[in-house]
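What follows is one structure encoded as structure tokens, with my remarks underneath.
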Amino acid sequence: MTSTQAVRERQSGVKTMAQAIAATLDQEMARDDRVVVIGEDVGKRGGVFLATDKLFDKYGPDRVIDSPLSEAAIIGAALGMAVYGLRPVAEIQFADYVFPGFDQLVSQVAKIRYRSGGAFTAPLVVRMPAGGGVRGGHHHSQNPDTHFVHTAGLKVVYPSTPSDSAGLLRSAIRDEDPVIVMEPKRLYRSVKEAVPEGDHAVEIGKAAVRREGDDVVLVSYGGSMAETLKAADALTEQGIGAHVLDLRSLQPWDETAVLEAVARVGRVVLVSESPRSAGFMAEVSATISEEVMDSLLAPPLRVTGFDTPYPYVQDREYLPSPNRILKAVERALTY
Amino acid sequence: MTSTQAVRERQSGVKTMAQAIAATLDQEMARDDRVVVIGEDVGKRGGVFLATDKLFDKYGPDRVIDSPLSEAAIIGAALGMAVYGLRPVAEIQFADYVFPGFDQLVSQVAKIRYRSGGAFTAPLVVRMPAGGGVRGGHHHSQNPDTHFVHTAGLKVVYPSTPSDSAGLLRSAIRDEDPVIVMEPKRLYRSVKEAVPEGDHAVEIGKAAVRREGDDVVLVSYGGSMAETLKAADALTEQGIGAHVLDLRSLQPWDETAVLEAVARVGRVVLVSESPRSAGFMAEVSATISEEVMDSLLAPPLRVTGFDTPYPYVQDREYLPSPNRILKAVERALTY
Amino acid sequence: MIRESQGFQPFTDEPIRLIGDGGEWLGPFELDLEPEKLKGFYLDMLAGRLIDDRLGRLQRQGKTSFVAPSAGHEAAQVGLAHAVRKGHDWVFPYYRDVSLLLALGMPVVEFAGQSLGTMADTARGRQMPYHPGSAELNVFTVASPIASHVPPAVGTALAMKLAGRSQVTVCSFGDGATSEGDWHAGVNLAGAQGAPIVFACQNNGYAISVDLKKQTGSDTIAVKAHAYGMPGYLVDGMDVLASFLVAREAIERAREGVGPSIVEFVVYRYGGHSSADDDSRYRARQEVELWRRRDPLDRYRRFLERRGLWDEDAEQRARAEIDAQLVEGIRQAQEAGTVPLEWMFEDVYAQMPERLVRQREELLG
Amino acid sequence: MIRESQGFQPFTDEPIRLIGDGGEWLGPFELDLEPEKLKGFYLDMLAGRLIDDRLGRLQRQGKTSFVAPSAGHEAAQVGLAHAVRKGHDWVFPYYRDVSLLLALGMPVVEFAGQSLGTMADTARGRQMPYHPGSAELNVFTVASPIASHVPPAVGTALAMKLAGRSQVTVCSFGDGATSEGDWHAGVNLAGAQGAPIVFACQNNGYAISVDLKKQTGSDTIAVKAHAYGMPGYLVDGMDVLASFLVAREAIERAREGVGPSIVEFVVYRYGGHSSADDDSRYRARQEVELWRRRDPLDRYRRFLERRGLWDEDAEQRARAEIDAQLVEGIRQAQEAGTVPLEWMFEDVYAQMPERLVRQREELLG
Ligand SMILES: Cc1ncc(C[n+]2csc(CCOP(=O)(O)OP(=O)(O)O)c2C)c(N)n1
Ligand SMILES: Cc1ncc(C[n+]2csc(CCOP(=O)(O)OP(=O)(O)O)c2C)c(N)n1
Ligand SMILES: [Mg+2]
Ligand SMILES: [Mg+2]
């Protein structure tokens, strides 16, 4: 990119996802001095994906805290700060590394409001780059979203665009409850778009319609939106209209948008890169059956990551590809 | 109980679930000196539920290891012992406390075979009392089975009777892969039955038919089997035949048994005390839709724990009751 | 060993002790505390001892499901409570801290209400007994998973650095807790950040049945402070004055910004681990008897008597008065009424999500 | 400081050092090692240094996805490797241990095959580069989650106590790893059980960008051993002889049943954290240059030269020979061919479950 182009893009608010996140954090920290950032390498390093770039210089070591190498310390300290009255945004360097801090999330963060009868609350955010496609092998590619969705007390969002990353992060920071913000790391730098300036917020729990269509509903979120949209475009070329929903939030998820679309269209393919077995899309499938079974012309079909640890050599093949999505659509259409 | 009655029961092999577990551990340790036990208070104390009663006296501190208070140490050490060639059986004092050791399970135990290309394996067992109904509040009542089912590389079993507890534990100890053995703690001492002696093993992955019937299929496992059978008996009295399946294994689960029954009967109610959202029964529901939708006369309906942290005062009301199961059956029958 | 008040040495070989077996003052400095304060320690210890009895009775009657007795731990807990600036500092207790909580000012009706799960429970009946909390007192609600409160405690201390209100966090736990990864993660973060926090360990030599030798390779808990670059004080936790003065020094040190520390209180629990435990499986009766001889109440009563501050008469009156308060608090808690069924669905989130509204309907409708 | 070989002191203020800046021997005892052994150390360090270059080139060409350079760590790793009984003891390495693994005898083609994910990878292409293992060498397969290998390492050591074959486990990690809860859980268990294990920390002062001051409140890692009742040795990890001799003593101590220990090797990494890092964001060039002056290869080369065991000629020959071996190993690894797609579904369980058979079908069919 030439430098004039870069300047023009910056002025017009055109940003990658990583830039949109850093900018949102900056704006929220400027707006509200209760907002603090904590994580590994979030300080001088600006985060290994630069999602906290320049915050350290601007806000100093008390508000941009380079933690020791411990996810339990990060999440637990964020909880303590939130209980005290701050609005911490914790970064887990890779979603795969949330597990050493999983007890803090499940036993403390998710339950503090409940167990204290509302006396203490956890208005905090835990951001984490997630998902595959970066040749990282199974400890840099996993998608633990289902574990969070299954944990009462947590909210979970999973944007797929720079704008939604900014808008959902802002909503998460301002939310009264703990929100897990999953970020599809393979899209961090690959897409740019104009991100609305100012108080742009995206409501947690609302899906976005990415394509309109009457033949099949495609439901996806996060990293897999890219492949889902490719599949939808291929279908358009074949004259098949796909109604594409980007869930954006997984807990709560937009049941209304999904059920209405499925009731209307009768065929649905659910796309997620999380492992299949007891994965989040099983919940969507079960809910569809429970609520609108009579409208179904074909069973809800899942295209997901496989029930293996995330592979290395087959990094791309693990992910739901446009091809696998199209095969499922075909099965749904010809059922 | 009079002491003669007690002696008679012991001789005939009548045991509570906790006794059946202790006896199986004893037999396996006697049979194979690679079998070792590790956990908190498993030594002199014999486990807080006495599931390791008397093992310490018999096998000593090197084979019955009282660990420090750390589930990461327990599960991690079990993995190391398994990799070395032993057959460790780890005890987590309550399933709620598996989370500090969750990283060891997910990152190490579940993936060692895969990431080493089979060079290292993890033939180990992690036992844990799980589930509610004991007035323990949310940190002594949870049912984290879904988290394990969603983790590729783990097997998960969840017996509901003393005999199955013995038989599945034996199979788990002899299995080449890591097996999570969940034990419904509220049934530990409440039921007694004759437990087959000798090499009695129950195959992992096979459901048991607990009642035959043609009107509705009830699928459950673990602690909720008690309520499910009560509901089935109430249905019988009303002249409604319930086909009751006790899954016993959750990963792998007996898809054949479930799909055959559902295809034949057309109506199914899925009962589990795990939280609803993205819980294990969502997987069963989604699979049923995918495989036998055309045979369904009503959607697969779920009766589960609620999407709250496990409560204290409402300890019993949280659990799927016969009443809630019957309401779901009615909905299925009148759909 | 001890230079002066405000000058206790960390890492001593023997626990810091200020009251002798006969109640004599052992300190190398003058004790500078008002008689009322001195008597207050005793009254608070007595309340801790007596409430266990009362709640134990309820438990045996099936009216509550669980008790975690603090008998033997009272001096450490009461000393610690008096070292805290109540309602200003934050306290992260664990389930055995009933004496601590009462001494901090938690009303009996609240503690009992929590144990009974009635409407007197400010936490709305959400947890098993001995798991209270108080927003008013800055007392974080107890959680069962051992040591899981340690990283959050450090989080409040980090927040205090930003807030600049000269507050301190005190985090309390047992010896077994120090083996958990979360304990280490939290204490290490505090050390790295110089957070204003005191880690207060009640070392009673057991985690349920597991004795300290099987728990860790170190001889004391205090010595673990070396790993975090902080001082570790070893205190006789059955000596209320040593407990109070060392805790106060550690807390004020943190308040002044000097840094965090670990205080190990050497104690013993007389009873089983909880009402569910059978301690005869793992420890000899003689051991229990031996420790009972160092009883913190007896020893401190001798101290007070030597100073003319206490006698049998005062004892009888205090016991009667405290017990009456306990009985009255428990009565109020019992009569507060039952927590409604539908509360099960509240406080999961700030706003009840649709899904929970439907689930509530499913159960009630 | 040092009494004699087999008598190093734990908890020294300064790192144990046996070779001076000019290559002079500083030890207070006679060095009792064969010339071939002494030269072997150097050759192994050279191999470690050179393989990073070679794999770095492949990475820049896009042929491999990641490199975690060990330049600056070679002495610690090679010293440690030589202290191990190869194929008898167990080793739990971390991703920066390439010099350790080559010195333990891992063939270049295996290491390179793992990095390239070809058929030369004994682990079947399952992990990102720098994550090898070897059943033959008792080298546990590297896992990315920091410190997650520590509890399993202790598990093997506990198993060894039962097996009675006089084995020892060595567990290797960086300074940052010591902050993880799993690290503490594992080390504490070893201390409590007296397991035959040595915890070997390569302290390079950084965990990616986080320096030791932000990592922990303690001045050294060695001192953390106090928390577990074990000795902690502080060693100059850029001195291969000190590294070897102290590691050997710690390992033999464990073998004899005396107990576990921590050995801290003070090192520095010259390169970025990995091929994905930009270290100019968090450290000054001068700092890197300062540490380079203590280069473990240069210093040890002077030691060998003083003893007449090395010269420029030997250097040239060794470099050429090693580099040729590396080139050949890498070539073999590259030419071994591609891992088949369907291997993605294997080794999840001993037997492929139905569900995975169907999923394989879904992808391939
Ligand atoms: C994470 C976790 N693991 C296990 C338990 C079960 N448990 C409850 S109390 C206890 C022992 C605690 O001992 P210690 O910390 O010494 O405190 P004490 O009870 O002796 O005061 C155990 C193992 C738990 N509550 N949490
Ligand atoms: C549990 C976990 N959290 C975070 C990371 C990301 N990460 C990879 S290496 C590293 C730093 C490790 O530093 P150190 O232990 O000092 O080893 P060094 O790289 O300096 O040799 C981090 C934070 C990880 N791999 N695992
Ligand atoms: Mg204790
Ligand atoms: Mg380092």
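Source: prediction; values computed, not measured. Each chain gets a letter, A, B and so on, in the order the sequences are listed, and its residues count up from 1.
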According to the interplanar angle, ranging from 0 to 90°, do the rings of F173(C) and F199(C) count as parallel (below 30°), tilted (30 to 60°) or perpendicular (above 60°)?
-> tilted
Tell me, for Q167(C) versus chain A, whether the close heavy atoms (under 4.5 Å) come from the side chain, the backbone, both or neither.
-> side chain
Ring-ring centroid check H149(C) Y94(C), cutoff 6.0 Å | no
Check the side chains of S148(C) and Q108(A) for a donor-acceptor pair under 3.5 angstrom, ignoring hydrogens and angles.
-> yes
Check each atom of L189(C) against the heavy atoms of chain A and say whether the ones under 4.5 Å are side chain, backbone, both or neither.
-> both
Closest-packed option against chain A by number of heavy-atom pairs under 4.5 Å, given P152(C), A135(C), A143(C) = P152(C)
Would you say E354(C) has more than 12 foreign heavy atoms packed within less than 6.0 Å of its CD?
-> no
Chain A contact via H184(C) - side chain, backbone, both or neither, heavy atoms under 4.5 Å = neither
Check whether V36(A) gets within reach of chain C through its side chain, its backbone, both or neither, counting any heavy atom under 4.5 Å.
-> side chain
Let me know if T122(C) has heavy atoms under 4.5 Å from chain A in its side chain, its backbone, both or neither.
-> backbone
Which region of A192(C), side chain (C-beta onward) or backbone (N, CA, C, O), has a non-hydrogen atom less than 4.5 Å from a non-hydrogen atom of chain A, or is it both or neither?
-> side chain
Charged N-O contact under 4.0 Å between R248(A) and D254(A) | no
Would one find more than 12 heavy atoms of other residues, nucleotides or ligands at under 6.0 Å from atom CD of E335(C)?
-> yes
Classify the angle between the aromatic ring planes of W90(C) and F120(A) as parallel (below 30°), tilted (30 to 60°) or perpendicular (above 60°).
-> tilted
OG1 of T256(A) to CD of E260(A): how many Å apart, nearest 0.5 Å?
-> 6.5 Å
With respect to chain C, which residue among R34(A), E176(A), K111(A), Q104(A) yields the maximal number of heavy-atom pairs within a distance under 4.5 Å?
-> Q104(A)
Close aromatic pair by centroid cut-off 6.0 Å: F111(C) and Y130(C) = yes
Does any heavy atom of chain C fall under 4.5 Å from the side chain of D66(A), the backbone, both, or neither of them?
-> backbone
Under 4.5 Å heavy-atom distance to chain A, tell me which part of F92(C) shows up: side chain, backbone, both or neither.
-> neither
Residue V187(C) versus chain A: region with a heavy atom under 4.5 Å = neither
For S107(A), is it the side chain, the backbone, both, or neither that has a heavy atom closer than 4.5 Å to a heavy atom of chain C?
-> side chain
Side chain / backbone / both / neither for E346(C) at chain A, heavy atoms under 4.5 Å = backbone
Toward chain A, the part of P353(C) with a non-hydrogen atom under 4.5 Å = neither
Does the ring centre of Y221(A) sit less than 6.0 Å away from the ring centre of Y158(A)?
-> yes
Does NZ belonging to K54(A) count more than 12 external heavy atoms closer than 6.0 Å?
-> no
Which region of V150(C), side chain (C-beta onward) or backbone (N, CA, C, O), has a non-hydrogen atom less than 4.5 Å from a non-hydrogen atom of chain A, or is it both or neither?
-> neither
Examine whether an atom of M344(C) lies under 4.5 Å from a heavy atom of chain A, and if so say whether it belongs to the side chain, the backbone or both; otherwise answer neither.
-> both
So which part of T169(C) gets closer than 4.5 Å to some heavy atom of chain A, the side chain, the backbone, both or neither?
-> neither
